[in-house]
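Start at 1 and go down the list; that is how both ligands and their atoms are numbered. Positions are given from 1, in the same order as the sequence printed here.
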Amino acid sequence: MNAPADLPPLPPAFVALLDALVPPAWRPRVDASYTAPKAVVFRHNPLRAPDAAAVVAALAPLQPEPVAGMAGVYRLPAHDRQALTHHPLVSDGYLYLQGIASMAAVWALDPQPGEEILDLAAAPGGKTALIAARMGNTGRIAAVEPVRARFFRLKANLQRLGVRCAQLYLKDGAQVGRLVPQRFDRVLLDAPCSSEAQFTRLDPASWAHWSPRKVRASAAVQARLLRSAAQALKPGGVLVYSTCSLSPQEDECVVDALLRERDDLVPEALPWPVDLPALPGLTTWDGAPLHPGLALTRRVLPTEWTDAFFLCRLRKRG
Ligand SMILES: C[S@@+](CC[C@H](N)C(=O)[O-])C[C@H]1O[C@@H](n2cnc3c(N)ncnc32)[C@H](O)[C@@H]1O
């Protein structure tokens with residue numbers, strides 16, 4: 001493998017973002033995460049088989065390590081990724097590869113059996129399936145995805161994973177709040193974003209479509225979707241907003257704009273299942289103050305086993 005110095009550098013504008021956001025104590029670990037493949041995190045799918053230990057034992061000779069604090073979640077070294085990805089237990093839906101921060105978004109949503117949940121940007125369906133698992137396939141999930149090819153992938157994934165409580169809608173999520181205002185107990189908006197979490201110096205194609213302009217365009221889409229998400233939420237309900245972007249314009253700034261528009265939403269602390277490398281959200285950016293409650297949001301840092309992720313939980317006043 002190439003030494004880090006021989007790998008292509010990250011885009012300068014992105015390095016400037018890391019300079020602004022990542023404290024010096026974290027920086028070597030964050031920088032190293034861009035130069036080596038990551039550990040593989042996956043979860044047992046209780047909708048296919050109830051006993052996680054029995055399913056995971058059948059992975060032998062692979063020897064996953066349980067992730068402390070998250071029942072049914074495991075980790076394997078990066079070199080086992082191919083073997084796991086092509087394993088029949090994965091293709092048959094008993095196990096699902098999913099980043100730990102991605103799972104934490106569903107922990108933050110905290111769906112309860114029997115509730116009505118909106119998943120406003122659902123494909124390929126990893127979070128929809130985890131919501132269904134947390135609800136024991138009871139209640140109802142409305143899963144929205146406007147991109148046709150991704151919609152059918154969502155449908156196939158949910159079938160493979162044994163999800164029976166989801167109804168799928170091929171639709172622009174920005175319209176949903178207007179069509180069904182104050183309908184859902186909980187709303188997840190895992191928004192389309194500039195996907196900065198996917199950057200790796202091992203593959204410069206990972207940032208080929210990224211630019212500060214793309215960040216601005218993503219932020220505009222996110223703002224429309226978040227407004228719709230807030231409108232679709234019942235009084236007293238919980239809204240989780242997440243992105244796999246590090247840019248504050250796509251994260252705190254989008255939430256800040258919503259909190260300026262509506263005074264019925266309150267940031268809440270995230271139920272945090274596991275010791276993740278994360279920082280509190282920003283309360284200033286680019287010289288401007290942001291809503292102080294944004295300190296309760298979390299920015300998961302990219303490390304050897306985590307991807308960058310932003311998580312925010314809001315409660316609508318009852
Ligand atoms: C980050 S991905 C969602 C990942 C998904 N929540 C999961 O865990 O598998 C964002 C999704 O939003 C979809 N999307 C893009 N524009 C949208 C819109 N206007 N309304 C709803 N979803 C949209 C994208 O096609 C993409 O599938």
Tabulate below the donor-acceptor pairs under 3.5 Å that side-chain atoms of residues 48-63 make, not counting sequence neighbours, or state none.
{"residue": "R48", "atom": "NE", "partner": "D92", "partner atom": "O", "Å": "3.4"}
{"residue": "R48", "atom": "NE", "partner": "R160", "partner atom": "O", "Å": "2.9"}
{"residue": "R48", "atom": "NH2", "partner": "Q159", "partner atom": "O", "Å": "3.1"}
{"residue": "R48", "atom": "NH2", "partner": "R160", "partner atom": "O", "Å": "2.9"}
{"residue": "D51", "atom": "OD1", "partner": "A53", "partner atom": "N", "Å": "3.1"}
{"residue": "D51", "atom": "OD1", "partner": "A54", "partner atom": "N", "Å": "3.3"}

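Within 4.0 Å of ligand 1, protein heavy atoms come from L120, A121, A122, A123, P124, G125, G126, K127, E145, P146, V147, R150, D172, G173, D190, A191, P192, L225.
Annotation: ring-ring contact (aromatic ring centres under 6.0 Å, His included) contacts of F151 (sequence neighbours excluded): none. The ring-ring contact (aromatic ring centres under 6.0 Å, His included) search around Y94 returns none, not counting sequence neighbours.
There is no side-chain donor-acceptor pair under 3.5 Å between Q222 and T243.
V144 and L188 are members of different hydrophobic clusters when ILVMFWY side chains are connected at heavy-atom separations under 4.5 Å.
Once rounded to the nearest 0.5 Å, the distance linking CZ of R140 with CG of L118 reads 9.0 Å.
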